[in-house]
2 protein chains.
Amino acid sequence: MDETRQRDREGTRRRILDAARRLFADLGYDQVTMRLIAAEADANIALINRYFGSKRELFAEVLAMQGRFPGVLDCPEEELPRRLAEYIAERLRSDQASPVMAALIRSSNCPEIHDLIRDRVSSAILEPLSARLSGPDAAFRARIATALITGNGTMRQLYGPESSDVPDREAVIARLTAIFEACLSR
Amino acid sequence: MDETRQRDREGTRRRILDAARRLFADLGYDQVTMRLIAAEADANIALINRYFGSKRELFAEVLAMQGRFPGVLDCPEEELPRRLAEYIAERLRSDQASPVMAALIRSSNCPEIHDLIRDRVSSAILEPLSARLSGPDAAFRARIATALITGNGTMRQLYGPESSDVPDREAVIARLTAIFEACLSR
DNA sequence: TAAGTTAGTAGACGCTTGTTTACTCGTCAA
DNA sequence: TTGACGAGTAAACAAGCGTCTACTAACTTA
């Protein structure tokens, strides 16, 4: 309480940003309070707005911090279904979901950041995926595939990883590949 | 203000329940305040808890009010993909989403009612769908199909209906049918 | 060493939330 | 007509929220 603390602007800023990233991913935007972030970062609550302006701007910076949808989309069109299937299969089993994705899904109903979420989904998944698709109705096909990805996140949020007894990894990937092919094929 | 009001217990109760159903579907659990429900129902806020106990119990009653996942699942196994595809296609275009589904998706991150949401998704979609599937890994296949359904709701919430130029209804249904077949086939 | 800058702190601000209390008064049985 | 019941009302409750202000004290610079 009455301990003195090292003065470390950059360090404190980074601790806050890290804590926010973790908490937003775990709990979603509106379940995370400024006081919770401050406690997790072991920093004073007033410093959050001093360094980031507001909770909303902090969330925006957390989103900006992350790269785009993990390299998954960087491949020729014909490999997309398999790559997406492997990604989902990983997320099905793994203990932690993708931090950005989790933050997006858990926060998608908060009107204050609705535009941030939408823009992020667009720029990180929807648009790059759509741009990689040849043939007609690329936007629509990309939207369905994206729905599958976000829906998987929602189910994971509801039931946790691997709620039902999941078949072996190869079978999962094979099925998911077939599904994404049905989504994305021209 | 100083007008006297008719005393109508059942009527008031129903107005509150209707208002709650509309608002929960439109905004999700935690964006709906007791005062908003009271205003929409043109009733006093204290009456909500008098008749329903608490906000949470009111939400539970709204969920219980609705039938299960609209008759979509009442068909032989081989017709399931087509039926689900038609359902999604309808929800893609229509101005209003399914009230229950909307409430579920918009509220899925509120911890206070997490168990209500999960149980409802289980009993209304996941379990009946899984029970109708023959062959191995029925639960897993049902989970993927459910992910597609809820994910479609999330995308709809983010982008509204028909954000991208959607192809004609027949093409949409054909593609969605193929996708659900890939999800559900043994 | 003295002055200025600024990271860090404590606490309050105004507001909203779900919930509850104390009360008014219409309705109906005795 | 009177008394009890209960639907409806207004106002307050405690708790929590994001934000902001006034302040302390550590570091830098002259």
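Hydrogens, waters and symmetry mates are skipped; everything else that's a heavy atom, side chains included, is used. Reminder, nothing fancy here: chain letters follow the sequence lines and each chain counts from 1.
- Note: CD (E10(B)) to P (dA7(D)) measures 9 Å, nearest angstrom.
- Judged purely by atom type and a 3.5 angstrom limit, R91(A) has no side-chain atom pairing as donor or acceptor with the backbone of G153(A).
- In this structure, Y87(A) contributes its side chain and I149(A) its backbone to no donor-acceptor pair below 3.5 Å.
- D42(B) is linked by a side-chain contact (heavy atoms from CB on, under 4.5 Å) to R5(B), counting only residues two or more places apart in sequence or in another chain.
- The stretch residues 31-41 of chain B touches DNA chain C through V32(B), T33(B), M34(B), R35(B), each having a heavy atom under 4.0 angstrom from the strand.
- Judged purely by atom type and a 3.5 angstrom limit, R120(B) has no side-chain atom pairing as donor or acceptor with the backbone of L104(B).
- Taking NE2 of H114(B) as the reference point, atom CG of L116(B) lies at 10.5 Å (rounded to 0.5 Å).
- Sorted by first and then second residue, the side-chain hydrogen bond (donor to acceptor under 3.5 Å, both in side chains) pairs with a member in residues 15-34 of chain A read R22(A)-E40(A); sequence neighbours excluded.
- Checked against salt bridge (Lys or Arg N to Asp or Glu O under 4.0 Å), R118(A) has no partners two or more places apart in sequence or in another chain.
- One atom, CZ of F52(A), and another, C1' of dG18(D), lie 16 Å apart when rounded to the nearest Å.
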Contact list (N/O, under 3.5 angstrom) for nucleotides 4-6 of chain C vs protein:
residue	atom	partner	partner atom	Å
dT6(C)	O2	R7(A)	NH1	3.0
dT6(C)	O2	R7(A)	NH2	3.3

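- In this structure, the helix from dT1(C)-dA30(D) to dA30(C)-dT1(D) shows an angle of 10° between the axis at its start and the axis at its end, each fitted on 5 base pairs and rounded to 10°.
- Residues satisfying the side-chain contact (heavy atoms from CB on, under 4.5 Å) test with A25(B), not counting sequence neighbours, are P99(B), A102(B).
- The shortest side-chain heavy-atom distance between L17(A) and Y51(A) does not fall under the 4.5 Å cut-off.
- Note on residues 168-186 of chain B: pairs passing side-chain hydrogen bond (donor to acceptor under 3.5 Å, both in side chains), not counting sequence neighbours, are E90(B)-R169(B).
- Atom CD of Q6(A) is separated from atom C1' of dG8(C) by 13 Å (rounded to the nearest Å).
- With sequence neighbours excluded, the residues satisfying side-chain contact (heavy atoms from CB on, under 4.5 Å) with P128(B) are R68(B), L73(B).
- Within 4.0 Å (heavy atoms only), I45(A) reaches at least one base atom of the nucleic acid.
- Residues of residues 53-60 of chain B that place a heavy atom closer than 4.0 Å to DNA chain C, in numerical order, are S54(B), K55(B).
- In this structure, N44(A) places its CG atom 5 Å from P of dT9(C), rounding to the nearest Å.
- Contact check of residues 11-24 of chain A against DNA chain C (heavy atom, cut-off under 4.0 Å) returns T12(A).
- For the pair N44(B) (side chain) and A38(B) (backbone), a donor-acceptor distance under 3.5 Å is absent.
- Residues meeting the salt bridge (Lys or Arg N to Asp or Glu O under 4.0 Å) test with R132(B), sequence neighbours left out: D74(B).
- The interatomic distance linking L47(A) (CG) with dA10(C) (P) rounds to 11 Å, in whole Å.
- We find that CD of E112(B) is positioned 13 Å from P of dG16(D), with the value rounded to whole Å.
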